[in-house]
Amino acid sequence: MSQARSNQARSNNAQPDYNHTLDPQLDPQLDTGLDPSDWPTFRDQGHRMLDDMFDYLETIRERPVWQPMPAEVRARFRGRLPMAPTELGAVHEEFLQNVLPYSNGNVHPGFMGWVHGGGNPAGMLAEMLAAGLNANLGGRDHAPIEVERQIVQWMRELFAFPATASGLFVTGTSMANLIAIVVARDFARDAAQALDVRRAGVAANSKKLTGYASMAAHGSLRKAFDIAGLGSDALRLVPVDAQHRINLAALRRMIQADRSAGNAPFLLVGSAGTVDTGAIDDLDGLAVIAGEERMWLHVDGAFGALGMLAPEIAPRLAGIEAADSLAFDFHKWGQVPYDAGFVLVRDGELHRKAFASPAAYLEREAGGLAGGSPWPCDFGPDLSRGFRALKTWFTLKVYGLEALGQTISRTCELARYLEQRIAASNELELLAPVSLNIVCFRYKSPNADRVNARIVVELQESGVAAPSTTRINGELAIRAAITNHRTRRADIDVLVDSTLAIGRAIAPPIEDPELEAAYLD
Ligand SMILES: Cc1ncc(COP(=O)(O)O)c(C=O)c1O
């Protein structure tokens, strides 16, 4: 095209007429591809699907939290490859019959297991828009990447990170922890050699790199050490205090012991909300030690970091702004539909160096679609990436951060209410201090581990409430992680009353251990 014509095309912002090529005479195979040939019918069906999902959310309280999947339903997922087409409406019907009633249940206010967010309707709609755009956020120059960059900037602001910090959406905090540990590992080789470890591998390091996290830290950190080639044993687990926070004196001793043994301590991990009890490590104290020891400070704030949005929790996170990296999820306390993990790295250039990988087919240009470098694929292992940022952008904008902060505060109030109900009952006992939104307790019984494991299964299978279990000092606890924005006091009452009812039914036997054992078997 001549310069003049190309200029004219640009100035007209010309819309080419592609339809002239769509001539059935010239192209007898012409069809609509995978798009519907009958848009009005498809549109009606689409609206029905949307309405059904709105109904589901609106009437969620009328359903069981969770129900086991009957064998015949499970068997329906063992079908042959669907070579022939099935009508959209028929597949949706299968979804309504076989998938929807047997989902995880974390949308329900009675779900209190693990640390699962409840999602939100605006985020759900944004997921549909994102799927319509079908954007690939690995790179290139397009608006969806600007949406992600906007959230990176908001997160810098929220956590008081510098303008040079980088951020990236990932599946969840497990992946965010891994990315942070890889950056820290490369940094540990010292900045001048940062790229060397990528080429030569960790084995080229003459000293063993060691990291430190509390015994209450999440298992994904050990996994990350393993995947990063450091070995899971290189993550030293530091004892905790009575509040389940990392013991700083013990930490200092362990670092010195490793130095004396010729190892290279490089990483401290602080937990902002431990998975078992919601304990927040002394992040300020960790930042001081990281500075003195010239070590990288990573904070695992999977759910707790967004406590920054709640005025009474934010001061307890003091020190988070000093972290070299921070991992957290929007899909937990942020209520963004799964999945929406995030990693923030103070030194964006170090982050880029740890992952950027030049390739001919990823060449960058000053203009055109290949502009806009650096790209998100330069900051993590994924090349193709979905548009997680959109459901997060919608959630933050539609509800506003104040309202999201209030939902976080309310889950903590509910945890305190549950704590009070436990304290008021002589049949229940608390097993760990309540720091945020997580309550660990049990029904008292001489056979407490088996009784409480059974109570949790019965609660889940009855569909009235879904806590999970964990072990506190070796004892099995019923663990209620109140994360869902829909949960209310009435749901806590159902949990407590049902726990007591099931406990009484299976444990009259405090005086009769044999009868109890017979029931439990
Ligand atoms: C403290 C902590 N870290 C990491 C994770 C892992 O997060 P994800 O499940 O998003 O990978 C969790 C999950 O509950 C967590 O509570």
Side-chain angles (χ1 to χ4, degrees), residues 104 106 111-119 123 167-182 211-228 232 235 237-238 240 243-246 267-281 283 286 298-308 313 316-317 320 323 325-344 380-382 386 388 391-392 408 411-412 415 432 435-440 466-472 477 479-484:
N104 200 48
N106 50 309
F111 189 97
M112 300 170 201
W114 300 273
V115 193
H116 281 25
L168 188 74
F169 271 96
V170 289
T171 42
T173 293
S174 302
M175 181 54 89
N177 281 339
L178 172 62
I179 288 176
I181 284 164
V182 168
Y212 307 80
S214 90
M215 283 172 153
H218 195 260
S220 58
L221 293 162
R222 279 171 67 81
K223 228 192 233 187
F225 263 62
D226 163 9
I227 299 170
S232 54
L235 180 66
L237 298 182
V238 182
V240 292
Q243 303 299 312
H244 297 248
R245 293 173 310 198
I246 192 165
L267 171 76
L268 297 183
V269 182
S271 297
T274 57
V275 63
D276 280 332
T277 69
I280 302 174
D281 285 339
L283 302 178
L286 284 170
H298 172 64
V299 173
D300 175 351
F303 67 94
L306 285 182
M308 285 301 276
I313 299 174
R316 298 174 55 199
L317 296 169
I320 205 166
S325 52
L326 169 64
F328 65 96
D329 287 322
F330 288 105
H331 58 223
K332 293 188 164 81
W333 252 352
Q335 312 296 339
V336 171
Y338 280 85
D339 50 34
F342 198 80
V343 62
L344 200 57
D382 293 322
R388 296 183 179 104
K391 58 193 170 185
T392 309
I408 289 173
T411 60
C412 295
S435 171
L436 291 171
N437 59 333
I438 299 180
V439 184
C440 292
S468 54
T469 60
T470 190
R471 287 194 176 267
I472 303 291
R479 174 174 165 283
I482 305 156
T483 314
N484 190 318

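The figures here come from the full heavy-atom set of this structure, side chains too, leaving out hydrogens, waters and symmetry mates. In listed order, ligands and their atoms are each counted from 1.
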Any S271 heavy atom less than 4.0 Å from ligand 1: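 Contact check S271 vs ligand 1: negative.
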As a check for students: among V275, L221, I438, V269, identify the option with a heavy atom nearest to atom 16 (O) of ligand 1. V275
Heavy-atom proximity to atom 6 (C) of ligand 1, best of H116, H218, K223: H218
Taking both backbone and side-chain atoms of K332, is any N or O found less than 3.5 Å from an N or O belonging to ligand 1?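 Such a contact does occur with ligand 1.
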Is any N or O atom of S174, backbone or side chain, closer than 3.5 Å to an N or O atom of ligand 1?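 Yes; at least one N/O pair falls below 3.5 Å.
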Classify the ring geometry of F111 against H116: parallel below 30°, tilted from 30° to 60°, perpendicular beyond 60°. parallel
Is any side-chain heavy atom of I179 less than 4.5 Å from a side-chain heavy atom of M175?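 Answer yes - side chains close enough.
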For residues F342 and F330, establish whether the separation of their ring centroids is below 6.0 Å. yes
For [X], counting its heavy atoms only, list the atoms of ligand 1 lying under 4.0 Å from any of them.
{"X": "G172", "value": "10 (O), 11 (O)"}
{"X": "D329", "value": "7 (O), 8 (P), 10 (O)"}
{"X": "H331", "value": "10 (O)"}
{"X": "G273", "value": "1 (C)"}
{"X": "S220", "value": "4 (C)"}

Which atom names give the shortest non-hydrogen contact between [X] and [Y], and what distance separates them?
{"X": "I472", "Y": "T277", "result": "CD1-CG2, 3.7 Å"}
{"X": "L326", "Y": "A305", "result": "CD1-CB, 4.2 Å"}
{"X": "V275", "Y": "R479", "result": "O-NH2, 2.7 Å"}

Taking atom 2 (C) of ligand 1 as the reference point, the nearest protein heavy atom with its distance: A302 CB, 3.2 Å
Heavy-atom nearest neighbour in the protein, as seen from atom 3 (N) of ligand 1, with distance rounded to 0.1 Å: D300 OD2, 2.7 Å
Do D329 and T173 get their side chains close enough for a donor-acceptor pair, meaning under 3.5 Å?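 Their side chains do contain a donor-acceptor pair, which is all the 3.5 Å distance test asks for.
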